[in-house]
A.B. asks: 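Supplied in structure tokens, the structure appears directly below.
Every chain is numbered from 1 and lettered A, B, ... according to where its sequence line falls, protein lines coming before strand lines. Note: hydrogens, waters and symmetry copies are ignored here, and every other heavy atom, side chains too, is used.
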Amino acid sequence: MADEERQAQILQLIRSVPEGFVTTYGDLCPEAPRLPGRILSTTKEKGLPWHRIVRADGSFAQGDRQRRLLRKEGIPFAGKRVDMEVAHMPREALLAQV
DNA sequence: CTAATGACTGTCT
DNA sequence: CAGACAGCCATTA
């Protein structure tokens, strides 16, 4: 049952990311960054701001499709990647919201 | 049960 | 700055 708990926790964190900000896979699950990724690729949950989940270095996994959504939400860019200095929402901040 | 894979990450070349 | 490696967890073959 711990697995579902972990997944539910991750989903909740994803939902709590405010518009205009982004978070990383590592923040959603420091122990296994691949988990959030797998969940996002397999889950059928709707309305998830999956585009706000980016890599630790500010690059994103879904290429153009994601880039456009991010830009549309007014997320600051640093060249070709997301400006983490400004738009990054740390794990602690997400936990604090809940 | 073992091996391979994936929306990852930090460290080393 | 870009590419290669090894670690990490759960799913799939």
A.B. asks: Quick check: do A:Leu35 and A:Tyr25 have side-chain heavy atoms less than 4.5 Å from each other?
C.D. replies: no
A.B. asks: Tell me which nucleotide among B:dC8, B:dG10, C:dC9 gets nearest to the side chain of A:Arg6.
C.D. replies: C:dC9
A.B. asks: Would you say A:Thr23's side chain and A:Ile53's backbone share a donor-acceptor pair under 3.5 angstrom?
C.D. replies: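 Pair absent, no side-chain N/O of A:Thr23 close to backbone of A:Ile53.
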A.B. asks: Of all of residues 69-93 of chain A, which get a heavy atom below 4.0 angstrom from DNA chain B, listed by number?
C.D. replies: none
A.B. asks: Measure the shortest side-chain to side-chain distance between A:Phe77 and A:Arg67 over non-hydrogen atoms and say whether it is less than 4.5 angstrom.
C.D. replies: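 Yes; the side chains approach each other to less than 4.5 Å.
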A.B. asks: Looking at A:Asp27, is its backbone amide N or carbonyl O close enough to the side chain of A:Arg91 to form a donor-acceptor pair, meaning the two atoms are under 3.5 Å apart?
C.D. replies: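 Such a contact is found between A:Arg91 side chain and A:Asp27 backbone.
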A.B. asks: Would you kindly give the OH-to-C1' distance between A:Tyr25 and C:dG7, to the nearest whole Å?
C.D. replies: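 Roughly 19 Å, once rounded to whole Å.
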A.B. asks: Would you classify A:Gln62 as touching base, sugar-phosphate or nothing, given that sugar-phosphate means primed atoms plus P, OP1 and OP2, and contacts are heavy atoms under 4.0 Å?
C.D. replies: base
A.B. asks: Taking the side chain from A:Ser41 and the backbone from A:Arg38, do they hold a donor-acceptor pair closer than 3.5 Å?
C.D. replies: yes
A.B. asks: Do A:Val82 and A:Leu70 make a side-chain contact, defined as non-hydrogen atoms from C-beta onward lying under 4.5 Å apart?
C.D. replies: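 In short, these two side chains touch, coming nearer than 4.5 Å.
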A.B. asks: In whole angstrom, what separates A:Ile10's CD1 from C:dC9's P?
C.D. replies: 13 Å
A.B. asks: Can you find a pair of side-chain heavy atoms, one from A:Met89 and one from A:Gln97, that are under 4.5 Å apart?
C.D. replies: yes
A.B. asks: Return the nearest nucleotide to the side chain of A:Ala32; candidates are B:dA7, C:dC9, B:dT9.
C.D. replies: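 Out of B:dA7, C:dC9, B:dT9, the nucleotide with an atom closest to A:Ala32's side chain is C:dC9.
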A.B. asks: Within the side chain of A:Glu73, is there an N or O that forms a donor-acceptor pair under 3.5 Å with the backbone of A:Glu19?
C.D. replies: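 No, because the side chain of A:Glu73 does not come within donor-acceptor range (under 3.5 Å) of the backbone of A:Glu19.
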A.B. asks: State, with a plain yes or no, whether a side-chain heavy atom of A:Thr24 is found less than 4.5 Å away from one of A:Leu28.
C.D. replies: no
A.B. asks: Heavy-atom contacts under 4.0 Å between residues 33-41 of chain A and DNA chain B, which residues?
C.D. replies: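 Contacts with DNA chain B under 4.0 Å: A:Pro33, A:Arg34, A:Gly37, A:Leu40, A:Ser41.
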A.B. asks: Could you give the CG-to-P distance, from A:Asp27 to C:dC8, as a whole number of Å?
C.D. replies: 19 Å
A.B. asks: Report the distance from atom CD of A:Gln66 to atom P of B:dC8, rounded to the nearest whole Å.
C.D. replies: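 Rounded to the whole Å, the gap is 11 Å.
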A.B. asks: The side chain of A:Trp50 is closest to which nucleotide in this list: B:dG10, B:dC8, B:dA7?
C.D. replies: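 Ranking B:dG10, B:dC8, B:dA7 by closest atom to the A:Trp50 side chain puts B:dA7 first.
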